[in-house]
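As the structure is a computational prediction, the values presented were derived from the model and not from experiment. First listed ligand is number 1; within each ligand, the first listed atom is number 1.
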Amino acid sequence: MIVFDQVSFWYNDRSETSFKLKEVSFSLEKGCVNGIIGGNGSGKSTVARLMVGLMPVNSGTVNVLGKDPYQQLSHSGFLAGIIFQNPENQIVGATVEEDLAFGLENLGLSHAEMHCRIIETAARFGLSNMLREPVANLSGGQKQLLCIASVLVMEPAWVIFDEPTSHLDPWSRLEFWKIIDEFVHHHDLGVVVVSQLAEDLNRFEKILGFSGGSLVFQGSRHEFRQAGDELHQHFNYPESWKFEQLLASQNV
Ligand SMILES: Nc1ncnc2c1ncn2[C@@H]1O[C@H](COP(=O)(O)OP(=O)(O)OP(=O)(O)O)[C@@H](O)[C@H]1O
Ligand SMILES: [Mg+2]
């Protein structure tokens, strides 16, 4: 479970003093696809970074499996990993194998355990025969897969995807959602996906909606659909939903 209790956060950057995440409280469970939505600058990535403990909160508490993710390297087991939108910002190794090993080195595992995890994860993502390959030789899609693999090799309880679908073509988007479904429903992995794409709303089972640093909605997709225009104005809303509502209102 991920629990935010009265979390406030602001960046210590004078030029950005206006943004504040304001006393945000919610809890997310494994077993369903959790989505974070909101316009540009609403605080989606800030919440994602707090979930994986990239920075400490100013007030309130963040808990993942009952522990503070900001301290996660001192816990046994890895709580939560993040996959950024742009693979170029995430890849740190010169080769596929080095990239897979990088995060593991911080977890203090034995050499044998690291080797075992790398071999298994590479196989799962179809990267087995590329372990020695320079990362620069990989295609965009392969880089994206490597980013996911390099987080999952650390065996986190939760994975946060920050706008993973925005740069994907429709076909790759379908592939992405297939992988997510598999993780959520067959691998007991907690998943949160940040997205601004209206069509991704159809994939989310639980939704957190942010506007100007405030959590303005939390609930199921069904509840989100039922909410009025006052709420929907903050978000990209699938055209198909509007059409279906229109048909329903006319009893067609
Ligand atoms: N490292 C930082 N230092 C200072 N201000 C920041 C930093 N990162 C983000 N901000 C500011 O905080 C606010 C919220 O940013 P955040 O990245 O959480 O928004 P977002 O909802 O993810 O937006 P986007 O859709 O553009 O990704 C923005 O005004 C942003 O400019
Ligand atoms: Mg963002």
Side-chain angles (χ1 to χ4, degrees), residues 2-28 33-64 68-70 72 80-92 140 143-144 147-148 151 156 158-168 172-173 176-177 180 190-204 206-219 221 224 227 230-238:
I2 296 185
V3 182
F4 273 46
D5 187 16
Q6 295 284 306
V7 170
S8 293
F9 174 86
W10 51 92
Y11 291 98
N12 287 327
D13 175 336
R14 276 163 202 242
S15 61
E16 297 286 351
T17 44
S18 57
F19 177 79
K20 188 177 175 194
L21 195 68
K22 301 174 195 80
E23 297 185 356
V24 167
S25 299
F26 60 81
S27 61
L28 299 178
V33 180
N34 295 290
I36 297 184
I37 59 173
N40 291 120
S42 58
K44 304 180 298 297
S45 298
T46 303
V47 169
R49 289 180 210 123
L50 291 171
M51 283 177 172
V52 299
L54 287 182
M55 52 220 186
V57 298
N58 292 93
S59 66
T61 54
V62 176
N63 275 296
V64 180
D68 178 359
Y70 188 61
Q72 70 171 328
I82 188 166
I83 290 153
F84 299 108
Q85 181 176 333
N86 184 350
E88 306 293 342
N89 296 343
Q90 183 127 12
I91 292 175
V92 283
K143 283 182 184 164
Q144 189 106 20
C147 288
I148 301 178
V151 169
W158 282 81
V159 179
I160 321 300
F161 295 85
D162 194 355
E163 307 225 27
T165 51
S166 56
H167 286 329
L168 298 181
S172 309
R173 238 175 250 161
F176 170 82
W177 283 112
I180 294 295
V191 169
V192 180
V193 178
V194 175
S195 177
Q196 287 199 65
L197 288 183
E199 65 180 64
D200 284 346
L201 276 167
N202 284 313
R203 305 284 180 169
F204 295 153
K206 162 112 192 224
I207 295 172
L208 301 177
F210 286 89
S211 177
S214 296
L215 181 63
V216 294
F217 176 82
Q218 63 174 314
R221 178 174 65 230
F224 184 80
E230 204 178 312
L231 179 77
H232 293 153
Q233 63 175 343
H234 297 290
F235 306 106
N236 293 326
Y237 195 75

What are the protein N/O/S atoms, named by residue and atom, that sit under 2.8 Å from the Mg ion (ligand 2)?
S45 OG
Go through the structure and list residues passing side chain to side chain donor-acceptor pair (under 3.5 Å) with S42, not counting sequence neighbours.
none
Ligand 1 atoms in contact with T46 (distance to a heavy atom under 4.0 Å):
14 (C), 15 (O), 16 (P), 18 (O)
Any N or O on G41 sitting closer than 3.5 Å to an N or O of ligand 1?
yes
Counterpart residues, side chain to side chain contact (heavy atoms under 4.5 Å, CB included), relative to V57 (two or more places apart)
V7, L50, V62
Got a donor-acceptor contact below 3.5 angstrom from the N34 side chain to the V191 backbone?
yes
Close-contact set for ligand 1 against R49 heavy atoms, below 4.0 Å
8 (N), 17 (O)
Heavy-atom contacts with Q196 under 4.0 Å: which atoms of ligand 1 show up? List them by number with element.
25 (O)
Member of F176, F84, F204, W177 meeting the ring pair (Phe, Tyr, Trp, His ring centres under 6.0 Å) criterion with F161
F176
Between K44 (side chain only) and D162 (backbone N and O only), is there a donor and an acceptor less than 3.5 Å apart?
no
Going by atom type alone, with no hydrogens or angles, which donor-acceptor pairs under 3.5 Å involve a side-chain atom of residues 211-218 and a protein atom two or more places apart or on another chain?
from, atom 1, to, atom 2, distance (Å)
S211, OG, H234, ND1, 3.2
Q218, NE2, S25, O, 3.1

Can you tell me if G39 contacts ligand 1 (heavy atom of the residue under 4.0 Å from the ligand)?
yes
Search all heavy atoms of K206 against all heavy atoms of L28 and return the closest pair with its distance.
CG-CD2, 3.9 Å
The one among M55, K20, K44 that brings a heavy atom closest to atom 21 (O) of ligand 1
K44
Judged by non-hydrogen atoms, does S42 sit under 4.0 Å from ligand 1?
yes
Considering only heavy atoms of E163, which atoms of ligand 1 have at least one such atom less than 4.0 Å away?
25 (O), 27 (O)
Answer yes or no: is there a donor N or O on one side and an acceptor on the other, between the side chain of R221 and the main chain of I207, under 3.5 Å?
no
Parallel, tilted or perpendicular: which one describes the rings of F210 and F26, with boundaries at 30° and 60°?
perpendicular
Does E230, at its CD atom, have more than 12 non-hydrogen atoms belonging to other residues, nucleotides or ligands within less than 6.0 Å?
no
Part of Q85 within contact of ligand 1 (heavy atoms, under 4.0 Å)
neither
